[in-house]
Amino acid sequence: MEKIWHIITMIPPGRVISYGKVADYAGLPGRARYVSKALKTAPDAMQLPWHRVINSQGKISFKENSAAFQEQMELLRLEGIEVIRGRVKLMNYEWRPDMATLVMAMPF
DNA sequence: TCTTTGACGCTTC
DNA sequence: CGAAGCGCCAAAG
């Protein structure tokens, strides 16, 4: 859980990443669902950039009618990310941290 | 205990 | 695209 949050805090503005990737970088391959839960239970006080986490299809994982959906879409747009029908082009906006960055920030 | 339920993901058809 | 199947696993009932 800690690691997951840690990874998320590292996501730079204007970039996004998928649940699955977060899980991978956190050392929990195949546990994307766990990441979503980690986000849900994350303390608001932590100021996590939760909106920068979307699913592997580049889509926002909320119902299109939900308030959360709208909110996330706005936050992303405020960072200069183009969101079409709740979807962003991972090709252009996916965050690809390099090894050094990860190793640097992750204790064994 | 067992079953259902997710802010998910990948492959197949 | 979209739907179906299967994998994954903590929580809640």
Side-chain angles (χ1 to χ4, degrees):
Chain A
M1 201 78 112
E2 306 282 300
K3 279 190 168 184
I4 293 178
W5 291 335
H6 193 297
I7 296 289
I8 295 177
T9 61
M10 298 176 61
I11 308 173
R15 317 246 80 187
V16 296
I17 190 177
S18 69
Y19 294 87
K21 290 300 182 65
V22 173
D24 289 347
Y25 298 145
L28 302 169
R31 253 138 281 188
R33 300 192 90 113
Y34 191 58
V35 174
S36 67
K37 199 179 59 164
L39 281 178
K40 196 190 307 186
T41 64
D44 294 18
M46 202 168 357
Q47 307 265 330
L48 281 186
W50 59 275
H51 56 280
R52 307 211 256 256
V53 185
I54 58 188
N55 67 30
S56 70
Q57 302 164 67
K59 296 193 305 182
I60 291 178
S61 296
F62 282 112
K63 293 182 189 173
E64 267 189 57
N65 47 52
S66 72
F69 178 96
Q70 296 297 330
E71 186 187 351
Q72 179 164 19
M73 187 161 72
E74 278 184 39
L75 289 172
L76 290 176
R77 284 177 171 158
L78 286 178
E79 297 186 346
I81 297 178
E82 193 181 0
V83 188
I84 290 76
R85 283 198 302 265
R87 192 175 328 124
V88 314
K89 286 192 178 185
L90 281 181
M91 276 202 80
N92 313 326
Y93 303 109
E94 182 171 34
W95 176 50
R96 303 182 189 70
D98 55 72
M99 270 317 182
T101 306
L102 291 176
V103 176
M104 194 82 81
M106 300 286 298
F108 288 52

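Just so it is clear, the structure is predicted and the values come from calculations on it, not from any experiment. Letters A, B, ... are given to chains in the order of the sequence lines, protein chains preceding strands, and every chain is numbered from 1.
Atom CD of A/Glu82 has 12 or fewer neighbouring heavy atoms from other residues, nucleotides or ligands inside a 6.0 Å radius. The 12-atom threshold is not exceeded at CG of A/Asp44, counting heavy atoms of other residues, nucleotides or ligands nearer than 6.0 Å.
Between A/Ile11 atom CD1 and B/dA7 atom C1' the separation is 13 Å, expressed in whole Å. Atom pair A/Leu28:CG and C/dG7:C1' shows a separation of 15 Å (rounding to whole Å applied). As rounded to whole Å, 11 Å separates atom C1' of C/dA10 from atom NZ of A/Lys40. Look at CG on A/Leu39: it is 18 Å from P on C/dC9, rounded to the nearest Å. When the P atom of B/dG6 is taken as reference, atom CG of A/Asn55 falls 16 Å away, rounded to whole Å. For the pair A/Leu48 CG and B/dA7 P, the computed distance is 17 Å after rounding to whole Å. For the pair A/Met1 CE and B/dA7 C1', the computed distance is 13 Å after rounding to whole Å.
The side chain of A/Tyr19 approaches B/dG9 more closely than any other nucleotide in the set B/dG6, C/dC8, B/dG9.
In this structure, A/Arg15 contributes its side chain and A/Asn92 its backbone to a donor-acceptor pair below 3.5 Å.
DNA chain B is contacted by A/Ser61, A/Phe62 of residues 58-92 of chain A, taking any non-hydrogen atom closer than 4.0 Å.
At a threshold of 4.5 Å between non-hydrogen side-chain atoms, the residues A/Ile7 and A/Leu102 count as touching. In this structure the side chain of A/Met1 reaches within 4.5 angstrom of the side chain of A/Tyr34, judged on heavy atoms.
For C/dC8, the OP1/OP2 oxygens have no side-chain nitrogen or oxygen of A/Arg31 closer than 4.0 Å.
In this structure, A/Ala32 and A/Lys37 both approach DNA chain C, and ranking their closest nucleotides by distance from the 5' end singles out A/Ala32.
Note that the CD atom of A/Glu71 and the CH2 atom of A/Trp50 stand 4.0 Å from one another [nearest 0.5 Å].
Of the options A/Gln70, A/Arg87, A/Met73, A/Arg85, a side chain to side chain contact (heavy atoms under 4.5 Å, CB included) to A/Ile60 is made by A/Met73 and by none of the others.
As rounded to the nearest Å, C/dG5 and B/dA7 have P atoms that lie 22 Å from one another.
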